[in-house]
Engineer: 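This is the structure I have questions about; it appears just below.
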There are 2 protein chains.
Amino acid sequence: MNVTATEENYLKAIFKINERTNKAVNTNSIAALMNTSPASVTDMLKRLSEKKVINYIKYKGVTLSPEGNKIATNLIRRHRLWEVFLVNKLNFSWENVHDIAEELEHIKSDRLINSLDNFLGNPRFDPHGDPIPNAEGKFMLRNQISLDQLRPGQIGTLVGVKEHDSPFLTYLNSLNIELGTQLKVISKIDFDHSMKVKIDTNNESQLSQKICKNLLVKRI
Amino acid sequence: MNVTATEENYLKAIFKINERTNKAVNTNSIAALMNTSPASVTDMLKRLSEKKVINYIKYKGVTLSPEGNKIATNLIRRHRLWEVFLVNKLNFSWENVHDIAEELEHIKSDRLINSLDNFLGNPRFDPHGDPIPNAEGKFMLRNQISLDQLRPGQIGTLVGVKEHDSPFLTYLNSLNIELGTQLKVISKIDFDHSMKVKIDTNNESQLSQKICKNLLVKRI
DNA sequence: TATAATTTTTAGGTCACCCTAAATATTAAT
DNA sequence: ATTAATATTTAGGGTGACCTAAAAATTATA
């Protein structure tokens with residue numbers, strides 16, 4: 001099925017919201033995520049429905065059809081591979097790659113993307129730790145928990161971040177926290193649920209609950 | 001000035017036609033090059049004129065304004081750098097890069113393109129031998145002549161091709177002719193202006209005048 | 001120089017993608 | 001179970017980028 005770049009973006013939005021909520025995606029949430037009006041979303045849902053890439057019931061929300069799911073995962077694959085390219089080959093920092101990848105992802109050439117994948121050494125995760133689906137759309141799973149679930153004394157290595165917000169990532173840079181960084185919980189403050197955390201073998205920092213909830217770690 | 005991808009393509013077309021003819025570009029030639037109708041071209045010329053990226057006088061043809069020229073050369077720079085990337089890094093062959101570069105060229109990030117340029121080692125020419133303008137839009141010139149201007153006994157190295165047509169490039173592949181290949185004119189046939197040419201130190205081939213006119217060589 | 005041929009523009013329409021305002025359906029609350 | 005609040009859709013409109021057909025301007029030719 002031939003979809004435009006805009007349509008692809010809608011499919012991606014539906015995929016991402018569904019990933020979080022695991023239920024039929026409603027109009028307003030798409031509008032909010034895409035910074036557009038609910039009326040425009042309805043408009044688009046009709047078009048996507050006619051192309052059979054979504055299952056749409058008026059007033060009842062929307063899910064991706066198998067075909068729509070394929071388009072969305074492919075788009076995510078392309079996005080994340082380009083992010084790897086930007087960081088690993090062009091020396092971009094992880095907080096600066098999103099917008100450019102958002103444009104690059106729409107170039108539709110299987111040959112291009114498979115060559116790129118190969119050139120990058122078939123990476124499994126992007127610079128934010130998000131899994132890169134393979135050419136068949138399969139995501140690699142990983143047992144990860146957010147840092148705030150660790151108890152004092154426990155140690156995790158950073159394998160991902162939930163939020164991809166540039167200021168958040170820049171803040172992590174300033175704390176010397178990056179993928180692979182070891183985080184040891186020293187203590188928890190009951191009052192605000194913040195944590196004192198040892199970062200690698202160096203300094204200790206006080207991290208707010210919000211920060212901790214956005215740091216995905218693998219327990220070691 | 002902010003221009004859309006489509007507008008950029010029109011500016012590029014105007015640039016390329018003007019490069020060949022050195023005079024005001026007429027509506028029909030743009031329509032022909034872009035596979036669109038003359039009416040659509042007129043439509044677009046009005047828009048481009050309002051954005052002050054072209055000098056447009058009704059019925060009299062069009063030229064690029066300094067600003068339009070900058071946009072066009074920048075687009076060409078991006079196109080050619082991506083072609084180098086595709087060939088040198090992703091192992092594409094020179095006949096397969098055009099269409100993908102045509103999409104990649106519209107990603108507008110100076111940071112991206114300058115990093116790419118650097119990553120590629122600041123190449124001066126693309127895989128077809130076309131010069132890559134620098135960030136200021138300056139093209140590197142080179143004294144080159146078409147193969148058909150050589151006389152028997154003279155030798156040239158291939159530095160470019162005029163035509164970028166995929167079948168033409170594939171034909172050159174089959175003759176083992178690529179950039180850098182040494183071509184020695186053995187003899188000329190007056191009747192059809194074809195030439196017998198020694199390719200590197202190997203075989204000799206009979207090349208039609210049309211082929212010879214499309215091979216750009218540097219005399220040695 | 002008048003007419004024919006060609007080029008270009010105008011007129012009027014379509015489609016994708018967006019908008020706001022108003023109407024309708026669903027869900028929550030009294 | 002009504003009513004109030006919220007979510008969603010419809011109605012009507014705008015813009016960019018295209019189209020065809022017809023009109024007008026330019027250029028070529030007799």
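If you're wondering where the values come from, they're calculated on a predicted model, not measured in any experiment. Letters A, B, ... are given to chains in the order of the sequence lines, protein chains preceding strands, and every chain is numbered from 1.
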Engineer: Tell me whether B/Lys89 at atom NZ has more than 12 heavy atoms from other residues, nucleotides or ligands lying less than 6.0 Å away.
Structural biologist: yes

Engineer: Of all of residues 14-30 of chain A, which get a heavy atom below 4.0 angstrom from DNA chain C, listed by number?
Structural biologist: none

Engineer: Is the Lys NZ or Arg CZ of A/Arg111 less than 6.0 Å from the centre of B/Phe92's six-membered ring, within 45° of the axis?
Structural biologist: yes

Engineer: How would you list, by chain and number, every residue that makes a side chain to side chain contact (heavy atoms under 4.5 Å, CB included) with A/Pro133, sequence neighbours excluded?
Structural biologist: A/Ile76, A/Arg77, A/Phe139

Engineer: Quick one, give me the B/S/- string for nucleotides 15-22 of chain C, reading 5' to 3', where B means a protein heavy atom under 4.0 Å from the base and S means that only happens at the primed atoms, P, OP1 or OP2.
Structural biologist: -SBBBBB-

Engineer: Can you pull out every salt bridge (charged side-chain N to carboxylate O under 4.0 Å, His left out) where at least one residue sits in residues 10-38 of chain B? Sequence neighbours excluded, please.
Structural biologist: B/Lys12-B/Glu102, B/Lys12-B/Glu105

Engineer: Applying ring pair (Phe, Tyr, Trp, His ring centres under 6.0 Å), which residue pairs with at least one partner in residues 35-83 of chain A are found, sequence neighbours left out?
Structural biologist: A/His79-A/His98, A/Trp82-A/Phe85

Engineer: Pick out the pairs of N or O atoms, protein on one side and nucleotides 3-5 of chain C on the other, that lie under 3.5 Å.
Structural biologist:
none

Engineer: Determine to 10° how strongly the helix from C/dT1-D/dA30 to C/dT30-D/dA1 is bent, judged from the axes of its five-pair ends.
Structural biologist: 10°

Engineer: Could you pull out all residues at least two apart from A/Leu150 that satisfy side chain to side chain contact (heavy atoms under 4.5 Å, CB included)?
Structural biologist: A/Ile145, A/Leu147, A/Gln154, A/Val185, A/Val217, A/Arg219

Engineer: Suppose we screen for side chain to side chain contact (heavy atoms under 4.5 Å, CB included). Which residues come up paired with B/Asp43, at least two apart in sequence or across chains?
Structural biologist: B/Arg47

Engineer: Kindly give the atom pairs (protein nitrogen or oxygen, nucleotide nitrogen or oxygen) under 3.5 Å for nucleotides 24-27 of chain C.
Structural biologist:
from   : atom 1 : to      : atom 2 : distance (Å)
C/dA25 : O4'    : A/Tyr59 : OH     : 3.4

Engineer: Does atom CZ of B/Arg124 have more than 12 heavy-atom neighbours, drawn from other residues, nucleotides or ligands, at distances under 6.0 Å?
Structural biologist: no

Engineer: Distance only, no hydrogens: is a donor on one side chain within 3.5 Å (strictly under) of an acceptor on the other, for A/Asn26 and A/Ser29?
Structural biologist: yes

Engineer: Quick one: B/Ile57 CD1 to C/dT9 P, roughly how many Å, whole number?
Structural biologist: 11 Å

Engineer: Is there a donor-acceptor contact under 3.5 Å from the side chain of A/Ser37 to the main chain of A/Ser40?
Structural biologist: yes

Engineer: How would you list, by chain and number, every residue that makes a side chain to side chain contact (heavy atoms under 4.5 Å, CB included) with B/Lys162, sequence neighbours excluded?
Structural biologist: B/Asn214, B/Leu216

Engineer: Is there a donor in the side chain of B/His164 and an acceptor in the side chain of B/Glu95, or the other way round, less than 3.5 Å apart?
Structural biologist: no

Engineer: If you look only at pairs with a residue in residues 61-71 of chain A, which of them pass as a side-chain hydrogen bond (donor to acceptor under 3.5 Å, both in side chains), with sequence neighbours excluded?
Structural biologist: A/Asn55-A/Thr63

